[in-house]
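Reading through the structure tokens given below for one structure.
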Amino acid sequence: MNDAERQQRDDVSLKEALREEMKRRNMSQSKLSKESGVGSTRLSLWFSGRYSGDNQAVADELQRWLMSVQEESNDTRALCAVPDWEPTPTAKNIVNVLKYAQRAGDMALVYGGAGVGKTCTARYYQDSYPNVWLATMSPAMNTVAACLERVAFAVGISEAQPSAIKTENAIVGRIAQTSGLLIVDEAQHLPVSSLEAIRSVYDATGVGVALMGNESVYTRITGGSRQAHFAQLFSRVGYRVKLGSPTAGDVDALLAAWQIKGRKSHELCKAIAQQAGALRGLTKVLKMSSMMTEDGQSMTFDHIQTAWADLGGTL
Ligand SMILES: Nc1ncnc2c1ncn2[C@@H]1O[C@H](COP(=O)(O)OP(=O)(O)OP(=O)(O)O)[C@@H](O)[C@H]1O
Ligand SMILES: [Mg+2]
């Protein structure tokens, strides 16, 4: 077999593999052209065997694309095992607060404990109960109008309103009398005026409101030493929970979900969870360790230790 024949044979099997992958991903030739970087005319001529340019260069580019998507789908398969939400003791605690706020139509505050599961529990709760809206704040929400717009979007109002008052009216109209729960995550980004705007929505609708955020949201709501000034807001908060580091039970629950056994692995994971990233950091390490294992092989202490070191961790 000469070089040209060998090239032709390789091209036939590459074309077959590409067609199979495209079928699996339900993708067109033009999408393949975009993703692989091979221009559409070149690609179509190459596929039909009529390309008169450098066939090897086209085949190399397509081979690279194929390898990268296959590698990605292997990794995704390994990552599919990542537990979305586990009923850890902290998560159950948060669920209880949210349930209370919704049922009692009260205002609640869950703060502190970076990476212990506030956001993922809020999402779980939203998926599990009716009329739960999750509005996530950010540093861009530094005006009342921006904050209300974010809340409006969360409750399903997609049309922009011409003024903050119209946005507020639209929100109230949408959620009043629904026995719902508005969860405001990352509430530490809100200035006091926006927190007051949320309070007004709460007063006007009777739905539960749960504010979540880091430690500073508490100071913001209590107003530090100027408590009298903030009494209107603070006195409405019926239930507040301060979270700290993940508990041993939290880590045990996650490790059971990841099917991690062995005393040494457990001790290492507990130590990792006590670092600043808490369960977020631990999950990152476990995700990386799971990608290091061969198919069907379970994660060992060495995998976890290597992943932790690769992510720059030191204990
Ligand atoms: N109950 C849980 N079940 C499964 N994974 C969890 C749980 N709690 C935390 N995690 C993992 O930890 C990560 C961080 O959790 P989450 O984002 O909910 O923390 P947070 O308390 O909102 O942190 P922050 O204060 O930084 O916003 C999650 O993405 C998830 O991987
Ligand atoms: Mg969060």
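Counting convention: from 1, in listed order, for ligands and their atoms alike. Starting from 1, each residue takes its place in the sequence as its number. Only this structure's heavy atoms are used, side chains among them; waters, hydrogens and symmetry mates stay out.
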**Study point:** D250 heavy atom under 4.0 Å from ligand 1
**Key:** no
Practice item. Would you please determine whether V116 falls within less than 4.0 Å of ligand 1 on a heavy-atom basis? Key: yes
Practice item. Decide, yes or no, whether a salt bridge links E16 with R19 under the criterion of side-chain N to carboxylate O below 4.0 Å. Key: no
Could you tell me the residue and atom name of the protein heavy atom closest to [atom], and the distance to it rounded to 0.1 Å?
atom	result
atom 11 (C) of ligand 1	T283 OG1, 3.5 Å
atom 25 (O) of ligand 1	K118 NZ, 2.7 Å
atom 23 (O) of ligand 1	G115 N, 2.8 Å
atom 17 (O) of ligand 1	R280 NH2, 3.1 Å

With heavy atoms of [X] as the reference, note each atom of ligand 1 found under 4.0 Å away.
X	value
L254	3 (N), 4 (C), 5 (N)
L279	8 (N), 9 (C), 11 (C), 12 (O)
G113	21 (O)
A91	1 (N)
T88	1 (N)
C120	2 (C), 6 (C), 7 (C), 8 (N), 9 (C), 10 (N), 18 (O)

Review point. Backbone, side chain, both or neither: what part of E186 comes under 4.0 angstrom of ligand 1, heavy atoms only?
Key: side chain
Practice item. For ligand 1, note which part of P83 has a heavy atom under 4.0 Å away: side chain, backbone, both or neither. Key: backbone
Point to revise | Protein non-hydrogen atom found under 4.0 Å from atom 29 (O) of ligand 1 | key: no
Check your understanding: Would one find an N or O of T119, backbone or side chain, under 3.5 Å from an N or O of ligand 1?
Key -> yes
Exercise for review: Ignoring angles and geometry beyond distance, decide whether A114 reaches within less than 3.5 Å of ligand 1 through its nitrogen or oxygen atoms.
Suggested key: no
Point to revise | K15 charged N/C atom sitting above W46 aromatic ring, 6.0 Å / 45° | key: yes
Return the [atom1] to [atom2] distance between [X] and [Y], rounded to the nearest 0.5 Å.
X	Y	atom1	atom2	value
S289	I304	OG	CD1	5.5 Å
T167	E159	OG1	CD	10.5 Å
R280	L282	CZ	CG	12.0 Å

Within 6.0 angstrom of [X] [atom1], more than 12 heavy atoms from elsewhere:
X	atom1	answer
F153	CZ	no
D84	CG	no
D127	CG	yes

Check your understanding: the Mg ion (ligand 2) to T119: any N/O/S contact under 2.8 Å?
Key -> yes
Point to revise | Side-chain H-bond candidate by donor/acceptor type, Q63 with E61, under 3.5 Å | key: no
Review point. Going only through I, L, V, M, F, W and Y residues with side-chain contacts under 4.5 Å, is there a path from Y202 to Y239?
Key: no
**Study point:** Nearest neighbour of atom 3 (N) of ligand 1 from the list R123, K287, K284, E86, on a heavy-atom basis
**Key:** E86
Point to revise | From G213, A276, A273, G117 - option closest to atom 8 (N) of ligand 1 by heavy atom | key: G117
Practice item. Ignoring hydrogens and angles, tell me if any N or O in the side chain of K242 forms a donor-acceptor pair with the backbone of E215 under 3.5 Å. Key: no
Exercise for review: Classify the ring geometry between Y124 and W85 as parallel (under 30°), tilted (30 to 60°) or perpendicular (over 60°).
Suggested key: parallel
